[in-house]
Amino acid sequence: MKKYMFFLGSLILLGACKKDTLDSSDLLVYVAGDYASTTNTVTVPFLHTPLNVSGDSAIMIAASATRNVAASVDVTFTPDTTQVSVYNTANKTSCLALPAANYKIVNTSKHTIATGNVSSDSMEIDILNPAVLTNPGGYLLPVTITTIAGQDKGVRISSNRKTVFINITYLFNNIIGAQTPLAGTLFSRTGWNVTVSNTTAGALGPAMLDGSNTTAWRSSNSSTAAKYVILNMGSSQKVSGFQLVPDYVTTTENPTQIKVSTSPDSTTWTAQGTWIGTGPATGSSAANPDIKGINFISPVQAKFYRFDITAWVSGSRAGIGELNAVQ
């Protein structure tokens, strides 16, 4: 995995003095988060799939000063997990402290701002086993400037940027990017039923299961109302993917983004990922449909499958012509 480089110190000024002399009282040493971060956070995302985990495994933390130093300044960083609860309370988050067994600090020595306003070396923090970091709320490793030493008179640690919060985020995806429908045997739809968010008169949820490509479920004509379908397969089934026949009643209503979740009981849901697709191809029709595939990377066993439609071609309604599942 490549390194996650963090080197934004010179972009943030914290009360910098225009003077550049040894007796300046405004020389502050700090560590900065991502550009424009209001919480002084460095976000390190990891994407988990049933096959692998991808993301950047190393974070580089540099010390910065609010102006060019006139004499070198030595800075020491230390992880400070006591700040996790403070961060969660302030930001209404649910991060866990990054376990000590899941990271390694490569260079723990002091870091020197010898010239300019950024240290020439950085603290490197390596994430050791991201595959086990599966808390939906993510993980936090606060790193705090603990000591500074230097001959530049008046140098001090910034009071509001002395801690940077490294946020290891978790995202799971079990949806294949391609929308080509999977080949395979379709399930019998006997015993299936669907619950939908809302409808348009004459275009109710069961239209997705009636075997006719000329009918469709169509949501209400509201751009802000939720649009979802919950499929109850009658019993727990192992599904490789779904096939959607477009809504050919009004083709602009077809979904282009759907969040897919699964559940054994329609109460506790597991997000499988988000499908990104396109509207039906020009020239396709109910007689010759452009069937879309929502395909799982790894087959899923569940009784209930939920489809939250978050984007569609245009207008205020969303719709689906037929819904099938592939074994």
Side-chain angles (χ1 to χ4, degrees), residues 47-51 94 131 134-137 170-200 203-213 215-220 225-247 253-277 289 291-312 318-327:
L47 176 63
H48 298 243
T49 78
L51 302 180
S94 55
T134 58
N135 175 47
Y170 168 79
L171 179 64
F172 177 76
N173 178 60
N174 190 26
I175 304 294
I176 296 173
Q179 60 178 338
T180 302
L182 290 177
T185 304
L186 298 182
F187 281 89
S188 166
R189 298 189 292 185
T190 301
W192 285 19
N193 65 72
V194 290
T195 302
V196 296
S197 51
N198 39 63
T199 62
T200 291
L204 306 183
M208 287 181 283
L209 305 178
D210 66 2
S212 173
N213 294 349
T215 62
W217 162 69
R218 302 172 68 203
S219 74
S220 66
K227 295 168 174 56
Y228 64 79
V229 173
I230 298 176
L231 169 63
N232 178 354
M233 297 187 75
S235 61
S236 181
Q237 301 291 340
K238 188 174 185 179
V239 175
S240 296
F242 289 90
Q243 293 184 2
L244 304 183
V245 173
D247 167 10
E253 297 172 354
N254 281 281
T256 56
Q257 184 168 295
I258 301 174
K259 178 184 175 183
V260 182
S261 304
T262 56
S263 174
D265 54 12
S266 195
T267 299
T268 303
W269 293 93
T270 299
Q272 296 295 333
T274 298
W275 172 84
I276 305 294
I291 299 174
K292 306 296 184 181
I294 299 178
N295 308 317
F296 294 128
I297 295 171
S298 181
V300 179
Q301 183 89 32
K303 180 179 179 180
F304 296 90
Y305 292 81
R306 179 175 176 130
F307 306 87
D308 286 280
I309 301 171
T310 54
W312 50 96
I320 296 172
E322 289 285 305
L323 175 62
N324 283 288
V326 182
Q327 295 183 25

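Worth knowing before you read on, the calculation uses all heavy atoms, side chains too, and leaves out hydrogens, waters and symmetry mates.
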- Query: Would Asn174 and Gln272 count as a side-chain hydrogen bond (donor to acceptor under 3.5 Å, both in side chains) if you check the C-alpha gap in whole Å, the side-chain angles of each, and the deciding distance to 0.1 Å?
  - Reply: CA-CA 5 Å; Asn174 190 26; Gln272 296 295 333; 3.1 Å; yes

- Task: Show the numbers, then the answer: is there a side-chain hydrogen bond (donor to acceptor under 3.5 Å, both in side chains) between Thr185 and Gln327?
- Result: CA-CA 6 Å; Thr185 304; Gln327 295 183 25; 5.2 Å; no

- Message: As a quick check of understanding, evaluate side-chain hydrogen bond (donor to acceptor under 3.5 Å, both in side chains) for Ser212 and Asp210, giving each step before the final call.
- Response: CA-CA 6 Å; Ser212 173; Asp210 66 2; 4.8 Å; no

- Item | Check against side-chain contact (heavy atoms from CB on, under 4.5 Å), Phe172 and Thr49 | CA-CA 6 Å; Phe172 177 76; Thr49 78; 5.5 Å; no

- Stepwise side-chain contact (heavy atoms from CB on, under 4.5 Å) test for Val196 and Trp217: CA-CA 9 Å; Val196 296; Trp217 162 69; 3.6 Å; yes

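Atoms NE2 and CG, from His48 and Leu171 in turn, are 8.5 Å apart once rounded to the nearest 0.5 Å. Between atom CH2 of residue Trp269 and atom CZ of residue Arg306 there is a gap of 6.5 Å, rounded to the nearest 0.5 Å.
Remark: side-chain polar atoms of Trp275 are not paired, donor with acceptor, to backbone N or O of Thr256 under 3.5 angstrom. For Gln243 (side chain) and Leu182 (main-chain N/O), a donor-acceptor pair under 3.5 Å exists by modelled atom type. At least one donor-acceptor pair closer than 3.5 Å links the side chain of Ser197 to the backbone N or O of Ala226. Between the side chain of Thr199 and the backbone N or O of Leu204 there is no donor-acceptor pair closer than 3.5 Å. With hydrogens and angles ignored, the 3.5 Å screen pairs no side-chain donor or acceptor of Ser220 with any backbone N or O of Thr200.
Inter-residue side-chain proximity for Leu231 and Leu323 is flagged as met; some heavy-atom pair is nearer than 4.5 Å. Between Glu253 and Trp312 there is no side-chain heavy-atom pair separated by less than 4.5 Å.
Asn173 and Ile297 get closest at one heavy-atom pair: O-CD1, 3.7 Å. The two residues Ala325 and Val239 make their nearest non-hydrogen contact at CB-CG1, 4.2 Å. For Ala318 against Lys227, the heavy-atom pair with the smallest separation is CB-CD, 3.7 Å. Smallest separation of non-hydrogen atoms from Ser261 and Ala271: OG-CA, 3.8 Å.
The aromatic rings of Phe242 and Tyr305 sit perpendicular, their planes meeting at an angle over 60°, well past the 30° parallel limit.
Taking the charged nitrogens against the carboxylate oxygens, Arg189 and Glu322 do have a contact shorter than 4.0 Å, which makes a salt bridge.
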